[in-house]
Protein chains: 2
Amino acid sequence: MAATLHDVARLAGVSIKTVSNVINDYEHIRPATRAKVEKAIGELGYTPNLTARNLRSGRTGAIALALPDLSLAYFAELAAQVIHEAEAAGVVVLVEQTGADRERELDLLRSSRLKLTDGLIFSPLGMGPDDVAALDVPYPLVLLGERIFDGPTDHVTMRNVDAARAATEHLIAQGRRRIAVVGAHEGEIVGSAALRLQGYREALDAAGIEYDDSIVGYTTLWHRANGADSMRDILARGAEFDAVFGLNDTLALGAMRVLQEAGLRVPHDVSVIGFDGLDEAAYSIPSLTTVDPGRGWIAKTAVSTLLARIGGKADAAPQTLFADYRILERESSASS
Amino acid sequence: MAATLHDVARLAGVSIKTVSNVINDYEHIRPATRAKVEKAIGELGYTPNLTARNLRSGRTGAIALALPDLSLAYFAELAAQVIHEAEAAGVVVLVEQTGADRERELDLLRSSRLKLTDGLIFSPLGMGPDDVAALDVPYPLVLLGERIFDGPTDHVTMRNVDAARAATEHLIAQGRRRIAVVGAHEGEIVGSAALRLQGYREALDAAGIEYDDSIVGYTTLWHRANGADSMRDILARGAEFDAVFGLNDTLALGAMRVLQEAGLRVPHDVSVIGFDGLDEAAYSIPSLTTVDPGRGWIAKTAVSTLLARIGGKADAAPQTLFADYRILERESSASS
DNA sequence: TTGAAAGCGCTAACAC
DNA sequence: GTGTTAGCGCTTTCAA
C-alpha cells in the first residue's frame, strides 16, 4: 500500500498538517522541520493521492477532449495541439472518440465519465441544431467546429464561409472558371461541407460564374478514398473542369491521385486546392495549396477559454471566437 | 451545487445506504423503496461523484497512454485504436505526449499526474537501456515499442527484425539487389531504426548481397521531410540503387516524392517499401507497399494486459507479447 | 430489507 | 510554527 500523509507524519514525528504544509510549499516552516519531513517523504517514497486532493478541492486537474476520430489527420493534429496547450497550463487531457455518431455524442454529454474532469472541449459532428438543448450541461463546455447552434456555450471556430470563398477566389484569380468541388454533403445545411460550399458559391457569384452541379462531387465521409471516389465520379460524368476545390485536404489528396491516374497534369490541366492546412499537404506531389483555418490558435484558445470558465468565470456571457485563416500557396495551384 | 447521496436520501426519506444500493443495482430492495429513490434522483438530477467513489474504491476507471506525438500518423492511429479498445472495456484514456524526449519520459513515469489513472500504457522513444530502473514503478505499466529493456514490466511489441527482413526479402524477390535505406539512426543500437536495419542486413546476408553504407540515408526524426531529405542526400552521393526501404511509411512517402521529382519511375526504376501499415500508404501515387506490424492487435493486447494487471494479476511474471506482421503488397513494388 | 457509522487521503479552519 | 479536527461524497461492514 502506498504511503499516506499519516505515515509520513508518524515517521517524521510531526502532525499531518506540517507534512501538508511542506508539500504545498507553505512559507513559514522551520528549516529543520522541513528537512525532517522531506527525509521521511523520501524514505517512504510518498506521493500525494490526487483523488483525495480532488475530492477535497472539487477540481480534478483534467479536462476532456471529445472528437470524432483520432485517425483523421485533422483531429489528430488538433488533439496534439490541445494536449500541448493543456500541459503548458498544467492540466491533463482525457480523449474520447465519438465516431461522429449523433447518439454517441449525446451520450457523451450526459455521461458521468466526464465527472473525472473539470470541463469538456467538444467537437461534435453528428449532432444537429435540434440537439441544442443537450448542450445545456452542468459543467464547463467549449464547442469546436461549426457554429450550428446558438447554444449556451463558448464556441471557438473558424471562418468557414470566408475561407472557402478565399480558396475559390484564389483559383479564379489563376484564370480558372470551371471549378469542381469534391466532398459536398447531400442536403446538408449547417455543417462544414455546407458552409464551405456556400463560400464557394459566393465566390462564383461575385465573379459572375454560374454554379454547375455536374462538377460537384458528393461523399458521406471525408477520407482519402472518398476524395478519390468523388473525383472518379465527376470524371465519369464527362463534364469539363479546370480546377478542383477539395473541401478538406484529405479529399483533395485523394482527388489529386485520381486526376494524375487519369493523365491530367496538376496544376497545368487542373489546379487543386484543399482545406485544413495539414502537415502532409506540404509533402504530396505536387505539394497541395490549402487553407490553414487557424488550427493552432483554435487549440490554444479552446484550452484557455475552458480554463477561464473552470476558474470561475461561470456567469459571463458565452462568447464565439473566430480564428483567422490563411491561404498556403503551393505547387498544385501554381500559375501555368 | 450538485446533489449528493444525502440530498437524495433526505428527499426520498430513506438512508444514504439505500440510495447507494439503488445506484449500485443491489438486488434486494423493495420495489416501492426503489421507486421512491429513483424519483428523488430524477428530481434532483443526481449523478454520482466519481472522485469520491474513486477515493473510496481505490480505482479511477481511467488509464493513461503516453506516446511521443499524436501528430505522427503512426501514433495517432495507435491512440485511436487504444481508446477504442479501452472504451469497449469501460475505461477512459488520458493521453500524454512526451515529444520523444528522454527527460520528459522519465518525468512522466514519476509524475503524480498519473495518480488520476489506474495504470499506464507507455511508448517510450527517448529512454535507453540505462533507464531501465525508472520502469520499476508502483503502478501497473505496459510497455509498447522496442524491447530495449529487460525490464520488470509487461511488453507488447512487434517483430521488428523479422518484419524488416521480410520487407527486404520482398524487394530481393523482385530482383532488386541495390536496396537503399531511408531513416537509419546514426550509432543507434536498440531502437526501431536499429532493429529494422538489422533485419535489412540479415536479408542481404542471406541473399549474398554486400551491405553498402553509401546507399543508407540517416535522419534524426521520422517525419515526411526527413524521408525527403534523406533520399535527396542519397541521390546526391551518386551511388546507384534500384529499390528503397523506408524504415517507416512516412519516410518512404517523403522519399518517393523525391524520387519522382528526380525523374525516377516507381516501381519501374526504383521499387519502394515502407513500414507501419498506415492508412495513407494505400492512397499515395503509386500506392505504397508496406509492412503492417500488427498495430491493431498491439492496441487491443496492451489494453487487455494492462486491465488484467489492474484487476489483480499483480504478481504474475511479466510477459512479452509479439504481434504478427504482414506484407501489404501494393503498386510501389509491383514486378516490372 | 434498511440504517448507522467508519473511513478512503487530503485540505483548511481554527486553536495553541 | 505547528497541531487538531471537521468534512469532501462515497462504499461498506455491521446491526437492527
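A note on names: the letters A, B, ... follow the listed sequences, proteins ahead of strands, and every chain is numbered from 1. Values below: every heavy atom of this structure, side chains too, minus hydrogens, waters and symmetry copies.
- A donor atom on one side chain and an acceptor atom on the other are not found under 3.5 Å apart for B/Glu77 and A/Ser71.
- Remark: B/Thr18 is not in phosphate contact with C/dT2, judged by side-chain N or O atoms under 4.0 Å from OP1 or OP2.
- Look at CZ on A/Arg10: it is 13 Å from C1' on C/dG9, rounded to the nearest Å.
- Rounded to whole angstrom, the span from the CD1 atom of B/Ile29 across to the C1' atom of C/dT2 amounts to 10 Å.
- Side-chain polar atoms of A/Thr47 and B/Lys115 form a donor-acceptor pair below 3.5 angstrom.
- Across all strands shown, B/Thr33 has heavy atoms under 4.0 Å from sugar-phosphate atoms exclusively, and none from any base.
- Computed from coordinates, the A/Tyr26 OH to D/dT2 P distance equals 10 Å when rounded to whole Å.
- Which of C/dT2, C/dG9, C/dG3 sits closest to the side chain of B/Val14 comes down to C/dG3.
- Side chains of A/Thr157 and A/Ile298 form no contact here, defined as non-hydrogen atoms less than 4.5 Å apart.
- Rounded to whole Å, the distance from CZ on B/Arg59 to C1' on D/dT11 is 14 Å.
- Listed here is the closest heavy atom pair of A/Gly119 and A/Ile310: N-CD1, 4.2 Å.
- The residue from B/Ile63, B/Leu120, B/Leu94 that alone fulfils the side chain to side chain contact (heavy atoms under 4.5 Å, CB included) condition with B/Leu114 is B/Leu120.
- A donor atom on one side chain and an acceptor atom on the other are not found under 3.5 Å apart for A/Thr60 and A/Asn54.
- Residues passing the ring-ring contact (aromatic ring centres under 6.0 Å, His included) test with A/Tyr139: none are found, sequence neighbours excluded.
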Short heteroatom pairs, N/O only, protein and nucleotides 10-14 of chain C, under 3.5 Å:
{"residue": "C/dC10", "atom": "OP1", "partner": "A/Tyr46", "partner atom": "OH", "Å": "2.3"}
{"residue": "C/dC10", "atom": "OP1", "partner": "A/Asn49", "partner atom": "N", "Å": "3.0"}
{"residue": "C/dC10", "atom": "OP2", "partner": "A/Leu5", "partner atom": "N", "Å": "2.6"}
{"residue": "C/dT11", "atom": "OP1", "partner": "A/Arg53", "partner atom": "NE", "Å": "2.5"}
{"residue": "C/dT11", "atom": "OP1", "partner": "A/Arg53", "partner atom": "NH2", "Å": "3.1"}
{"residue": "C/dT11", "atom": "OP2", "partner": "A/Ser20", "partner atom": "OG", "Å": "3.4"}
{"residue": "C/dT11", "atom": "O2", "partner": "A/Arg56", "partner atom": "NH1", "Å": "2.6"}

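- The interatomic distance linking A/Leu116 (CG) with D/dG9 (P) rounds to 16 Å, in whole Å.
- Summary for the helix from C/dT1-D/dA16 to C/dC16-D/dG1: the axes at its two ends, each from 5 pairs, differ by 40° when rounded to the nearest 10 degrees.
- Checking A/Ser57 against A/Arg59 by side-chain atom types alone, no donor-acceptor pair falls below 3.5 Å.
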*B/Asp154 and B/Leu143: side-chain contact (heavy atoms from CB on, under 4.5 Å), yes or no, with the steps?*
CA-CA 6 Å; B/Asp154 293 319; B/Leu143 237 48; over 6 Å; no

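- Using a 4.0 Å heavy-atom cutoff across all strands shown, B/Leu55 reaches at least one base atom of the nucleic acid.
- D/dG3 atom P lies 9 Å from atom CG of A/Asn21, rounded to whole Å.
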